[in-house]
2 protein chains.
Amino acid sequence: MTLTPLPSAFDLDSQTLRLLSAVAEYGSITRAAGVLGFSQPALSQQIKRVEARIGMPLVTRAGRGIRLTDAGLVIARHAATVLAALESASGELADLAGLRSGQVRLSAFPSASSTIVPRLIRSMGEEHEGVRFTYLEAEPPEAIAAVRDGAIDIAIAFRHPADRDDPFAAGAEGLVVHELARDELLVLVPHGHGALRQPPGSEHPASSGAPDPAPAPAVDLADLRDETWIAGCPRCRAHLLDSCARSGFAPTIAFETDNFVAVMSMVAEGLGVALLPALTITASPLPPGVASAPTTSGDHRMIVAVTRPGADRVPAVGETLRILRRLTARPADAPATSASHPRLPARAVGPRSPCPRLDRSGA
Amino acid sequence: MTLTPLPSAFDLDSQTLRLLSAVAEYGSITRAAGVLGFSQPALSQQIKRVEARIGMPLVTRAGRGIRLTDAGLVIARHAATVLAALESASGELADLAGLRSGQVRLSAFPSASSTIVPRLIRSMGEEHEGVRFTYLEAEPPEAIAAVRDGAIDIAIAFRHPADRDDPFAAGAEGLVVHELARDELLVLVPHGHGALRQPPGSEHPASSGAPDPAPAPAVDLADLRDETWIAGCPRCRAHLLDSCARSGFAPTIAFETDNFVAVMSMVAEGLGVALLPALTITASPLPPGVASAPTTSGDHRMIVAVTRPGADRVPAVGETLRILRRLTARPADAPATSASHPRLPARAVGPRSPCPRLDRSGA
DNA sequence: CGGATGCATCACGTCAGGTTATGGAGAGCA
DNA sequence: TGCTCTCCATAACCTGACGTGATGCATCCG
């Protein structure tokens, strides 16, 4: 003969434990309510509601005050455990918010691997020791796909603003693109090449956000129309064709490689000329015998960070983006000079063979 | 430069943990919502609310589904601890509700100590092994005071229904009085006393809920007006005076003692006659040479249980009251006989000196 | 290229849970 | 004994948290 209704689930919640614990500690509903920050009736009827739910009294009046029943004591006794665990979780959340922990999954294209990325990670490490990074080198299309499906938090990528139908735009649909810096496209020619001796009146690009280790008078691409060209990876090749087209010619491309060090070497050997982003030259110094110069038409690409919308609300990710912007911003609004940026620590990240992965974007 | 708002308290609650835990486990808001028993939008916006409160995202979209962020993982990870503790508390509450644990603080007057109380505790022990008892022998006024200030859950007491201004009524103000049984007041006289030979037509009290080990023809108190009386404790003495007054005389009281065994011995020694509740005779058998008989006026006291209002909602207390009623009820509506009640186990509880405490109630 | 799946958003209703005001019981004190 | 202070219970009321169903959009799949 079971006379008890035996409610299948005594749905307790942390709030209930908090209340009972306070009542147990302070021995009075009024004082507990005060400590917990609300009025006495609130606590009083809250307790009454819980009693109704679990079907037994939690407190009984004793003289002017109250006493916890067995059930009330059970609840109060477990409160410590539960509240400690919640406190612990809270603490970890505070660590995340305070950048004392957290993780950022980063991806960037090859020439950023040895320039922007190590600087970024070092800066974050100096300011926020607890934040960990994972890094995956990947070409922009893959990196953006990884962001899209949540495998990567921040993709450092680039796009060619002149491109009409930028494959980038389609890939980044629904994602947030943070513009970081211009990266000038520099002509690479053998030292003493005739194109370098331009009339000095030729305009220099007004701004050069990306590292610009070899300031030189700008070169008109059209002067190189008859050269043999060395092209980079498929997307780079497309950009080359585009730039040349806007200068009115179609380049003769004799070599293609996605290894920009190889491109430089080829130029040094006199096999042809090339158009490389300034960042690649920052990443790997020009070999002797090769000179670089911006173009008169200001060819450049934009270096961007791509994230999911709202990703910057993850503290570690938001802070990483902030530092990333700071590192790639030109100081104040001073004109770009070779001193615009601190020297990159040479090869702080072990270099990997550039473009090790398939570029699936149609070129 | 702290850019994070660092909300001082990430007020988590168990519900949040439950939700995130389910989402982590099932990998999908929709499925988690299904398991938790509500709709997908409910869970979706609940998560959103928590995110707003703690200031960082807990989930991010990943393809068609979602992924937990670091913060979300932190919360989900702590869920096990918290939910286990809640489950444990729940289990203990279920034990209390299922009478597998719990405690009843009991108090009763002396002659119940060796009659009702041991039977009660034994019965509870047989049916509900986990329930523990504490027992304090006390006269009704003290016992009721103890109930009032929460030191005792159930006081087994008695009252004299004939009393006009029963001090009991005042003391039990605001408490619940459960009537348990009539306890006949029996006249104690030496064997062969003339009053015992009454005309057989004298009426016998219709009901005799309390133990009645020696059925005998009723005696008219008035026949004992010239006897020397032995009175009990102050309250018992008051009841004696009252009963005699209603029979039209004032008794000559030669001895007073709150020790009912002593009263019996005195009667056996021929020092006088007495009026004792039947229960005292059940508690301690009449010595040889003493006879007992009910009165023609049906003098009795009521044995009652007194609790705080709502105390029966404490499962162990409620069940104790239930068993107490069962033990003291006369079977069905059969007329009272000497076989009405099971024999009491003799002295299952070590006897204590009766009335060891001051009776503070004015008599 | 539909169809199925999963999340987000909207509009809306309900009730849990807060507030203030007030009443009654117990304890301390004159 | 009676006054007063303290503490809890209750009532009336209001707000917002949180549920629902309907709907839209993105993604994955055959």
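In what follows, chains carry the letters A, B, and so on, assigned in the order in which the sequence lines appear, proteins first and then strands, with residues in each chain numbered from 1.
A donor-acceptor distance shorter than 3.5 angstrom exists from the side chain of A:Arg67 to the backbone of B:Gly150, with no hydrogens or angles considered. Proximity of a side-chain donor or acceptor of B:Arg159 to a complementary backbone N or O of B:Met302 within less than 3.5 Å is not detected.
Between B:Thr134 and B:Leu106 there is no side-chain heavy-atom pair separated by less than 4.5 Å. Looking only at side-chain heavy atoms (C-beta outward), A:Leu20 and A:Leu68 come within less than 4.5 Å of each other. At least one side-chain heavy atom of A:Arg105 sits under 4.5 Å from a side-chain heavy atom of A:Gln103.
Between B:Lys48 and C:dT9 there is a side-chain polar atom (N or O) within less than 4.0 angstrom of OP1 or OP2. For B:Gln45 and D:dG19, the shortest distance from a side-chain N or O to OP1 or OP2 is not below 4.0 Å. Side-chain nitrogen and oxygen atoms of A:Ser44 include none within less than 4.0 Å of the OP1 or OP2 phosphate oxygen of D:dC8. Between B:Arg61 and the phosphate of C:dA8, there is no side-chain N or O to OP1/OP2 separation shorter than 4.0 Å. Taking only side-chain nitrogens and oxygens, B:Thr30 comes nearer than 4.0 Å to OP1 or OP2 of C:dC7.
When rounded to the nearest whole Å, the span between CG of B:Leu43 and P of D:dT20 equals 10 Å. For the pair A:Glu51 CD and D:dA9 P, the computed distance is 8 Å after rounding to whole Å. Atoms CD1 (A:Ile47) and P (D:dC7) sit 15 Å apart, rounded to a whole Å. Rounding to whole angstrom units, CG of residue B:Leu36 and P of D:dG19 are separated by 10 Å. Following rounding to the nearest Å, A:Ile66 (CD1) and D:dT6 (C1') show an atom-to-atom distance of 14 Å. For A:Ile29 and C:dG18, the CD1 to C1' distance is 16 Å, given to the nearest whole Å. The separation between A:Asp149 atom CG and D:dA26 atom C1' is 14 Å, rounded to whole Å. Separating the CZ atom of A:Phe38 from the P atom of C:dT20 is a distance of 13 Å, rounded to the nearest angstrom.
Side chain to side chain, B:Ser113 and B:Glu137 meet the donor-acceptor criterion of an N or O pair below 3.5 Å.
Nearest-nucleotide mapping onto DNA chain C: of A:Ser39 and A:Gly63, the residue sitting toward the 5' end is A:Ser39. For the pair B:Arg49 and B:Pro41, nearest-nucleotide mapping onto DNA chain D gives the more 5' position to B:Arg49. Mapping A:Arg64 and B:Asp13 onto DNA chain D by nearest heavy atom places A:Arg64 at the nucleotide closer to the 5' end.
With axes fitted over five pairs at each extremity, the angle between the ends of the helix from C:dC1-D:dG30 to C:dA30-D:dT1 is 30° (10° resolution).
Taking the six-membered ring for Trp and thresholds of 30 and 60 degrees, A:Phe109 and A:Phe158 have ring planes more than 60 degrees apart, a perpendicular arrangement.
The base of D:dA9 sits with one of its N or O atoms less than 3.5 Å from a complementary donor or acceptor on the side chain of A:Gln40.
Residue B:Gln46 places its side chain closer to D:dG19 than to any other of D:dC8, D:dT20, D:dG19.
Residue A:Arg77 qualifies as enclosed at atom CZ: its count of foreign heavy atoms under 6.0 Å is above 12.
Looking at heavy-atom distances under 4.0 Å, B:Ser28 makes contact with sugar-phosphate atoms alone, never a base.
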